Undergrad: 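Can you keep this structure in mind? I'll have questions shortly.
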Amino acid sequence: MSYTGENLPIDQILCGDNMELIQQLPDSCIQLVITSPPYFQQRDYGGGMGNEGNVKEYIDKLLCLFRECIRVVSNNGNIVFNVGDKYQDSSLLLVPYRFALAAIDTELVRLVNEITWVKKNPTPRQFKRRLVSSTEPFFHFVKSDDYFYNPKAFLSESRPTQKSKKKTDTKVGQRYFELIDESELSDAEKAVARIELAEVIQEVKRGKTQSFRMKIRGIHAEPFGGQMGGRTLQLKNKGFTIIRIHGNKLKRDLIETSVASDKGNIHPAIYPVDLIEEFLHLLTPPGSVVLDPFMGSGSTAVACKKLGRHYIGYDINTKYCEYARQCLDGTPYRNLHLLDGV
Ligand SMILES: C[S@@+](CC[C@H](N)C(=O)[O-])C[C@H]1O[C@@H](n2cnc3c(N)ncnc32)[C@H](O)[C@@H]1O
């Protein structure tokens, strides 16, 4: 079976070997590939890749699929690979970085970012001689400078999760009041510092100022810079300085979210749907076609369905394909055809 741009198997989970299935897709028909391959020698998914004899074999195999992903992604599309690491003889193999280096070495893609997933609830397994791993990299690759990119929509404060975080953040700036009390400032300087601090906190709460930093004499380091700049003088003469930060929230290369633990889940290694939603916001317009060649429990497809993107998913294990379809049945549909071309 070979598809054209017109009859793509959109919004389908196909069961089979991704290397065979992806070859049925025409060039440049996908806007985003986002996926998490089986980690090297981590578990047996009942076939497929992950249990190659050594790490080189694993990377070579992954790279074959990666090359196909490059082929099917449009010139202004994006590719995101989440690869996990492995300890062998008590030493990290750095598998993710070996993969990323090999990917760049193809000279077909550029690596835009390594976006770190910070797990709020890592597996609570204590080791005597090492710390608990609680991060994983997501490598963001592109084929050209013309890639679709919407940073405004990434970790946007208008989404409920971000909003609720902000609402509970009633303690904004309160620590500075304590630092003023503890400082060497005179009583008069402290009084002025408290008034100006209260003013800037109100500005942040009203949204006039994005955020701020305060420096207090004797507590914080002096601002760097060769000359006696305005802030250094303020610190010396007034006892404090307040730096207002305007404009957009800094979009940092990390996403902090919890490992999913959905009731009834049968898949051992799922990534969180909300994490994938952030990548969809950042890297696709509504109506795009998103491919996940290692679909597992269907997290990518669920995120797509929620946000009005089309998906194509592959998994070699029939049990996981069935489970992914069930998860999709329970996901509210956004009306895709209305969103197409928006
Ligand atoms: C790490 S899991 C993906 C989990 C997924 N991101 C989720 O959130 O559920 C990797 C998946 O790749 C599948 N797999 C392994 N080799 C494959 C192959 N050659 N073709 C298709 N799927 C494969 C496994 O069955 C497994 O479900």
Side-chain angles (χ1 to χ4, degrees), residues 1 9 12-25 30 32-53 57-69 72 79-86 95-96 99 115 117 119 121 123 133 136-140 255 257-280 290-307 309 311-331:
M1 172 85 193
Q12 290 184 38
I13 307 281
L14 304 177
C15 198
D17 187 327
N18 50 24
M19 203 51 204
E20 287 168 22
L21 291 166
I22 200 168
Q23 284 172 36
Q24 300 170 357
L25 295 179
I30 301 289
L32 168 68
V33 174
I34 184 159
T35 199
S36 175
Y39 299 168
F40 175 58
Q41 291 187 355
Q42 202 74 16
R43 35 179 81 84
D44 182 4
Y45 289 104
M49 69 167 297
N51 286 306
E52 291 67 23
E57 258 179 60
Y58 169 82
I59 301 284
D60 286 350
K61 201 159 180 188
L62 195 52
L63 220 54
C64 286
L65 180 80
F66 186 73
R67 282 179 181 276
E68 276 299 294
C69 293
V72 298
I79 302 176
V80 177
F81 264 58
N82 160 230
V83 183
D85 218 333
K86 165 87 182 160
V95 182
F99 162 72
I115 296 154
W117 169 24
K119 299 175 188 175
N121 56 344
T123 314
S133 308
E136 283 186 27
F138 278 68
F139 296 109
H140 171 205
I255 303 180
T257 186
S258 302
V259 179
S261 57
D262 301 338
K263 196 167 164 245
N265 170 45
I266 61 157
H267 197 285
I270 60 179
Y271 53 30
V273 171
D274 59 348
L275 184 141
I276 302 309
E277 284 178 32
E278 293 305 333
F279 283 105
L280 295 182
V290 177
L291 171 70
D292 184 344
F294 297 97
M295 184 57 96
S297 68
S299 314
T300 302
V302 168
C304 285
K305 196 170 169 189
K306 277 176 81 179
L307 297 186
R309 274 69 170 171
Y311 57 85
I312 300 175
Y314 306 143
D315 204 283
I316 203 157
N317 188 314
T318 44
K319 196 173 71 174
Y320 297 145
C321 291
E322 203 36 55
Y323 179 66
R325 290 182 194 121
Q326 278 171 26
C327 291
L328 281 158
D329 281 348
T331 303

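Not measured: the values here are computed from a predicted model. Atoms within a ligand are numbered from 1 in the order they appear, just like the ligands themselves.
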Undergrad: Which residue supplies the protein heavy atom nearest to atom 9 (O) of ligand 1, what is that atom called, and how far is it?
TA: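 Of the protein heavy atoms, Ser297 OG, 2.6 Å lies nearest.
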Undergrad: Which atoms of ligand 1 sit under 4.0 Å from any heavy atom of Gly16?
TA: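 Selected atoms, number and element: 20 (N), 21 (C).
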Undergrad: Looking at every non-hydrogen atom in both residues, tell me the closest pair between Pro9 and Ile312 and how far apart they are.
TA: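 Nearest pair, atom of Pro9 first, then Ile312: O-CG1, 3.5 Å.
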Undergrad: Could you identify the single nearest non-hydrogen protein atom to atom 12 (O) of ligand 1 and state the distance to 0.1 Å?
TA: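 Of the protein heavy atoms, Phe294 CD2, 3.3 Å lies nearest.
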Undergrad: Students should be able to answer this: which protein heavy-atom is nearest to atom 5 (C) of ligand 1, and at what distance?
TA: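 The protein heavy atom lying closest is Met295 O, 3.6 Å.
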Undergrad: Side-chain contact, heavy-atom cut-off 4.5 Å: Tyr311 with Ile13?
TA: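 Yes, side chains in contact.
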Undergrad: Measure the distance from atom 8 (O) of ligand 1 to every protein heavy atom, then report the residue, atom name and distance (to 0.1 Å) of the closest one.
TA: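 The closest one turns out to be Ser299 OG, 2.6 Å.
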Undergrad: Within the 4.5 Å heavy-atom criterion, are Val33 and Phe66 side-chain neighbours or not?
TA: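 No, side chains not in contact.
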Undergrad: Using a 4.0 Å heavy-atom threshold (strictly under), name the region of Tyr320 that reaches ligand 1: side chain, backbone, both or neither.
TA: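 Tyr320 to ligand 1: side-chain contact only, backbone stays beyond 4.0 Å.
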Undergrad: At less than 4.0 angstrom from any non-hydrogen atom of Ser36, what atoms of ligand 1 do you find?
TA: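 So the atoms of ligand 1 that pass are 1 (C), 2 (S), 3 (C), 6 (N), 10 (C).
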Undergrad: Test of understanding: given a 4.0 Å heavy-atom threshold, classify the contact between Ala324 and ligand 1 as side chain, backbone, both, or neither.
TA: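 The answer is neither.
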Undergrad: Please list the nearest protein heavy atom to atom 22 (N) of ligand 1 with its residue and the distance rounded to 0.1 Å.
TA: Ile316 N, 3.1 Å
Undergrad: Do Ile59 and Val95 have side chains that approach each other closer than 4.5 Å (heavy atoms only, starting at C-beta)?
TA: yes
Undergrad: Please confirm whether Gly46 approaches ligand 1 to less than 4.0 Å, judged on its heavy atoms.
TA: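 Contact check Gly46 vs ligand 1: negative.
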Undergrad: Between Tyr58 and Phe40, what is the ring plane arrangement, given parallel below 30°, perpendicular above 60°, and tilted in between?
TA: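 Tyr58 and Phe40: tilted rings.
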Undergrad: Please say whether Tyr314 places an N or O atom under 3.5 Å from an N or O atom belonging to ligand 1.
TA: no
Undergrad: If the plane angle is over 60° it's perpendicular, under 30° parallel, otherwise tilted; pick one for Phe81 and Phe99.
TA: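 Answer is parallel, since the angle falls under 30°.
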Undergrad: Work out whether the distance between some heavy atom of Pro293 and some atom of ligand 1 is less than 4.0 Å.
TA: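 Heavy atoms of Pro293 do come under 4.0 Å of ligand 1.
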Undergrad: Suppose we measure from atom 11 (C) of ligand 1 to each protein heavy atom; which comes out shortest, and what is that distance?
TA: Asp315 OD2, 3.5 Å
Undergrad: Looking only at protein heavy atoms, which one is nearest to atom 20 (N) of ligand 1, and how far off is it?
TA: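 Of every protein heavy atom, Asn18 N, 2.9 Å lies nearest to atom 20 (N) of ligand 1.
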Undergrad: Please state whether the rings of Tyr271 and Phe138 are parallel, tilted or perpendicular, taking 30° and 60° as the class boundaries.
TA: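 Plane angle between 30° and 60°, so tilted.
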Undergrad: Do Phe294 and Ile316 have side chains that get closer than 4.5 Å, going by heavy atoms?
TA: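 No, too far: nothing below the 4.5 Å cut-off.
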Undergrad: Quick one: look up the protein heavy atom nearest atom 2 (S) of ligand 1 and list residue, atom name and how far away it is.
TA: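 Heavy-atom neighbour on the protein nearest atom 2 (S) of ligand 1: His267 CE1, 3.5 Å.
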Undergrad: Does any N or O atom in Met49 lie less than 3.5 angstrom from one in ligand 1, N or O only?
TA: yes
Undergrad: Give a yes or no on whether a salt bridge exists between Lys319 and Glu322, defined as a side-chain N under 4.0 angstrom from a carboxylate O.
TA: no
Undergrad: Please find the pair of heavy atoms, one from Lys305 and one from Leu328, that lie closest to each other, and give the distance.
TA: NZ-O, 2.7 Å
